[in-house]
K.L.:
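Structure below; questions to follow.
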Amino acid sequence: MFPFFRPFLPLIALLIALLPTAAAATRICDTVWRDPVRARLLPVRIWLPDGAARVPAVIWSPGLGADIGAGGQWARAWSAAGLAVIVMQHPGSDRIAYPPGGTPAERKARALAASSPAQQIARTGDISVALDALARRDGSCDLARIDNDRIGVAGGLKGAILSLVQ
């Protein structure tokens, strides 16, 4: 972990401990957003708290090797706190990075390709596609409830770097 996070670990642990323990009702919707410019399909899982009120949102960009099933503990907590959560899957740096089988050299090559600078650029572009899709209310989920003036980006190690880039 980066050294500058160390002073904040007790605060982060306290905040996690204070999160609601009872799960609020949440609607989960899986969809795919298309980026026509890059001909890229982006699977997403949207966690939307029940109700009719507009809600802020968090775009979750998981770390290397993850798909839309990643970050469930965060998504549940944020949704219980009244936030919509959009979990992204980044093709090229998702499950393809760590598939079973192959020689150690083949596995290493897949992991290196999935963490390349080109994949980092693609991930950043994916966040832009998500923001555009939310603005267009694109998909079968009730995206009209998401307050586009209150959207944050979070994620695994690579997702955290993306949030700094944006």
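As the structure is a computational prediction, the values presented were derived from the model and not from experiment.
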K.L.:
Just by modelled atom types, is the Arg76 backbone N or O under 3.5 Å from a matching donor or acceptor in the Ser79 side chain?
P.N.:
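Side chain of Ser79 to backbone of Arg76, a donor-acceptor pair under 3.5 Å: no, none is there.
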K.L.:
Could you grab the distance from atom CG of Leu134 to atom CD1 of Ile86, nearest 0.5 Å is fine?
P.N.:
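Result: 5.0 Å between the selected atoms.
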K.L.:
Is there a donor-acceptor pair closer than 3.5 Å between any side-chain N or O of Ser116 and the backbone N or O of Leu112?
P.N.:
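Pair absent, no side-chain N/O of Ser116 close to backbone of Leu112.
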K.L.:
Rounded to the nearest 0.5 Å, what's the gap from CG on Leu64 to NE2 on His90? Could you check?
P.N.:
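Going from CG on Leu64 over to NE2 on His90, the span is 10.5 Å.
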K.L.:
Tell me, which pairs form a salt bridge (charged side-chain N to carboxylate O under 4.0 Å, His left out) where one or both residues lie in residues 38-53, sequence neighbours left out?
P.N.:
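Matches after skipping sequence neighbours: Asp30-Arg45, Asp35-Arg38, Arg38-Asp126, Arg40-Asp126.
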K.L.:
Side chain of Arg137, backbone of Arg145: donor and acceptor closer than 3.5 Å?
P.N.:
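Looks like no, no N/O pair under 3.5 Å.
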K.L.:
For residues Val58 and Ala154, report the shortest heavy-atom separation together with the two atoms involved.
P.N.:
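Minimum heavy-atom contact is CG1-CB, 4.0 Å.
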K.L.:
May I ask you to test the Pro91-Leu42 pair for a side-chain heavy-atom distance under 4.5 Å?
P.N.:
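A side-chain contact under 4.5 Å exists here.
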K.L.:
For the residue pair Leu143 and Leu48, establish whether any side-chain heavy-atom pair is separated by less than 4.5 Å.
P.N.:
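They are not in side-chain contact.
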K.L.:
What's the verdict on side-chain contact (heavy atoms from CB on, under 4.5 Å) for Thr26 and Val85, showing C-alpha distance, side-chain angles and the deciding distance?
P.N.:
CA-CA 10 Å; Thr26 300; Val85 182; over 6 Å; no
K.L.:
Any side-chain heavy-atom pair from Trp47 and Val87 closer than 4.5 angstrom?
P.N.:
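Yes - at least one pair of side-chain heavy atoms lies under 4.5 Å apart.
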K.L.:
Hey, are the side chains of Trp74 and Leu83 touching, using non-hydrogen atoms and a 4.5 Å cut-off?
P.N.:
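Trp74 vs Leu83: side chains apart.
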K.L.:
Is there a side-chain contact between Ile59 and Met88 in this structure, where contact means two heavy atoms from C-beta onward sitting under 4.5 Å apart?
P.N.:
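Ile59 vs Met88: side chains touch.
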K.L.:
Of the non-hydrogen atoms in Arg123 and Ser93, which two are nearest, and what is the gap between them?
P.N.:
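Reported closest heavy-atom pair: NE-OG, 2.8 Å.
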K.L.:
What are the two closest heavy atoms between Asp94 and Ala66, and how far apart are they?
P.N.:
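Residues Asp94 and Ala66, closest heavy atoms: CB-O, 3.2 Å.
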K.L.:
Taking all heavy atoms of Pro56 and all of Gly82, pick out the closest pair and write down the distance.
P.N.:
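The answer is CD-O, 4.0 Å.
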K.L.:
Enumerate the residue pairs fulfilling disulfide (SG to SG under 2.5 Å) with a member in residues 35-125, sequence neighbours excluded, ordered by first and then second residue.
P.N.:
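Counting only pairs at least two positions apart or across chains, no disulfide (SG to SG under 2.5 Å) contact touches residues 35-125.
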K.L.:
Minimum heavy-atom separation for Ile127 and Ser61, please, with both atom names.
P.N.:
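Minimum heavy-atom separation between Ile127 and Ser61: CD1-CB, 4.2 Å.
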K.L.:
Working to the nearest 0.5 Å, report the span between CD of Gln89 and CG of Asp67.
P.N.:
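CG of Asp67 is found 5.0 Å from CD of Gln89.
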K.L.:
To the nearest 0.5 Å, how far apart are CD1 in Ile46 and SG in Cys141?
P.N.:
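Output value for this atom pair is 4.0 Å.
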